[in-house]
> 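Take a look at the following structure, please.
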Amino acid sequence: MPLRFGHIAGDRVLLTSPSGEYAVLPRTKFEDFICGRLDHESPEYFDLKARHFLTHTSSATLLRVLASQIRTKKEFLRGGPKLHIFVPTLRCNQSCGYCQASRANADAVGFDMTKTVASRAIDLMLSSPSPAVTMEFQGGEPLLAFDLVRWMVTETKKRAADSKTVSYVICTSLNLLNDEHLSFFKEEGVFVSTSLDGPAAVHDKNRPLAGPSSHSAAVRNIRRCQEALGEDRVSALMTTTRHSLSKGKEIVDEYIRLGQRSIFLRELNPYGYAAKTTKSIGYTVPEFIRFYRETLNYIIDINRKGTFFAEGYASILIKKIITPFGVGFVDLQSPTGEGFGVVLYNHDGAVYASDEARMLAEMGDRTFQLGTVNDRYLDLFLGETMQQLAAAGCAEALPGCADCVYVPYCGADPIRHYRTQADLIGHRPTSSFCNKQTEIFKLLFELLNDSSQEVVNILVSWIVPTRRQMPKPSWQFQ
Ligand code: SF4
């Protein structure tokens, strides 16, 4: 049957099938298998057969099983984009060194969405064939345009009525939070996603605020949200900068102190201000991988001692590796999640294939603008830009990825490659995305295959929902 393979530590070979089944064989057994010499009574033979790596017939039934497995993995494609990001304003009252959105000053004029644009964008979202969508407010700082956010939620509820399930998420720094916002979030079931980069020493460096510590404001307001809305309605996101690299343990401890049950160790994106501040806050892929490995090991130790706490990126990849299901995380989708899983309506009425496409446009490059809110749904999603993204967005067909053993779990991310390598398809041997992915896959397969059963159980526990989950904002699962 079709398969890909790659050598891993311990003179072993990892095999993956197109649907994401995997097996690990000692090199000698792998050579026996490929040469048709594998003993038909050996455990390896039965294992490979059970996982559809081999067959003795050209049975159409077996091919149908494989096709059905692939269909299940790619289920996220059904219904078009499910995450609809709205930028009610580009204004912001913070000046984070890693801001990817190229924000405008809090008192700037001309950076807010009008009600006419918002209304058209809502109609487009509700035209989506998907029965359930997430409406996510990003910025800038959406609380600076709170009246508009309130109007949009109320209007969407009126228009969607029973025809569509809409989840609401606001991504906010929380430093402008007041009681009016809180009671609105509570009444309307809005989930809060905020930023927390760790303890004050890290957070305040990354996210400076004129006047008081932005860390103390974030902590105080996370607690207020938890009390008013419940712990499961507030989630925090961290961004790794150079200041974080030696502080993995402290960052995790801070999340646990604040009642969070997971953390997403997110690297910097090469967009917006983050692109300009790389020298002061950036790092190399090996530096990030060292940080990721050490922090992941620390998180596993915490779980060993009895506290449930998950790492988000590992959870996404493990779910892809050990279950038959896809995840729909935009950065790791094939076909790409850009335009297929997510769409963004900007404050000025432009419609982009993703948040990254918008970030690029704020840097002066509108290559991935799908159109405007005045276009028809089908024209946006079947237009030339989407055709380009589709052509470059299928990892299984890309040079480098097509033969890679990790491709069933990886993604294409053409916009990132366009940004970093000036080419939508990209060159994998020199791609920072590919280098990072390869190292993280190696680490996870090492943990899944070479650790104790206790560690494997911990990793698996991260993908089993143990309580009501938030709708998934863009950085998380989509
Ligand atoms: S990006 Fe790299 S790790 Fe991912 S499938 Fe392509 S070659 Fe493999």
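For ligands, and for the atoms within them, numbers begin at 1 and follow the listed sequence. Numbers here simply count residues along the sequence, with the first being 1. Computed from a predicted structure; not experimentally measured.
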> Can you label the angle between the F86 ring and the Y345 ring as parallel, tilted or perpendicular, going by 30° and 60°?
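Answer is tilted, since the angle falls between 30° and 60°.
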
> Evaluate the ring planes of F291 and F288, with Trp represented by its six-membered ring, and classify them as parallel (under 30°), tilted (30 to 60°) or perpendicular (over 60°).
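Plane angle between 30° and 60°, so tilted.
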
> With a cut-off of 4.0 Å, which atoms of ligand 1 are near a heavy atom of R428?
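The list of qualifying atoms is 1 (S), 6 (Fe).
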
> Check the angle between the aromatic planes of H56 and Y45 and answer parallel, tilted or perpendicular using the 30° and 60° thresholds.
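Geometry flag for Y45 against H56: tilted rings.
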
> Given the ring of F433, does R416 sit roughly above its face, with NZ or CZ under 6.0 Å from the centre of the six-membered ring and within 45° of the axis?
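No - R416 does not lie over the ring of F433 by the 6.0 Å and 45° rule.
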
> Counting heavy atoms only, name the option from D403, D413, T438, L398 that's nearest to atom 3 (S) of ligand 1.
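Answer by nearest heavy atom: T438.
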
> Considering only protein heavy atoms, which is closest to atom 5 (S) of ligand 1, and at what distance to one decimal place?
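The protein heavy atom lying closest is C410 CB, 3.5 Å.
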
> Classify the ring geometry between Y409 and F441 as parallel (under 30°), tilted (30 to 60°) or perpendicular (over 60°).
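Ring orientation, 0 to 90° scale: tilted.
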
> Do any N/O/S atoms of C404 come under 2.8 Å of atom 8 (Fe) of ligand 1?
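It does; at least one qualifying atom falls short of 2.8 Å.
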
> With respect to atom 6 (Fe) of ligand 1, which of C434, G426, P429, C401 exhibits the smallest heavy-atom separation?
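It is C401 that holds the nearest heavy atom.
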
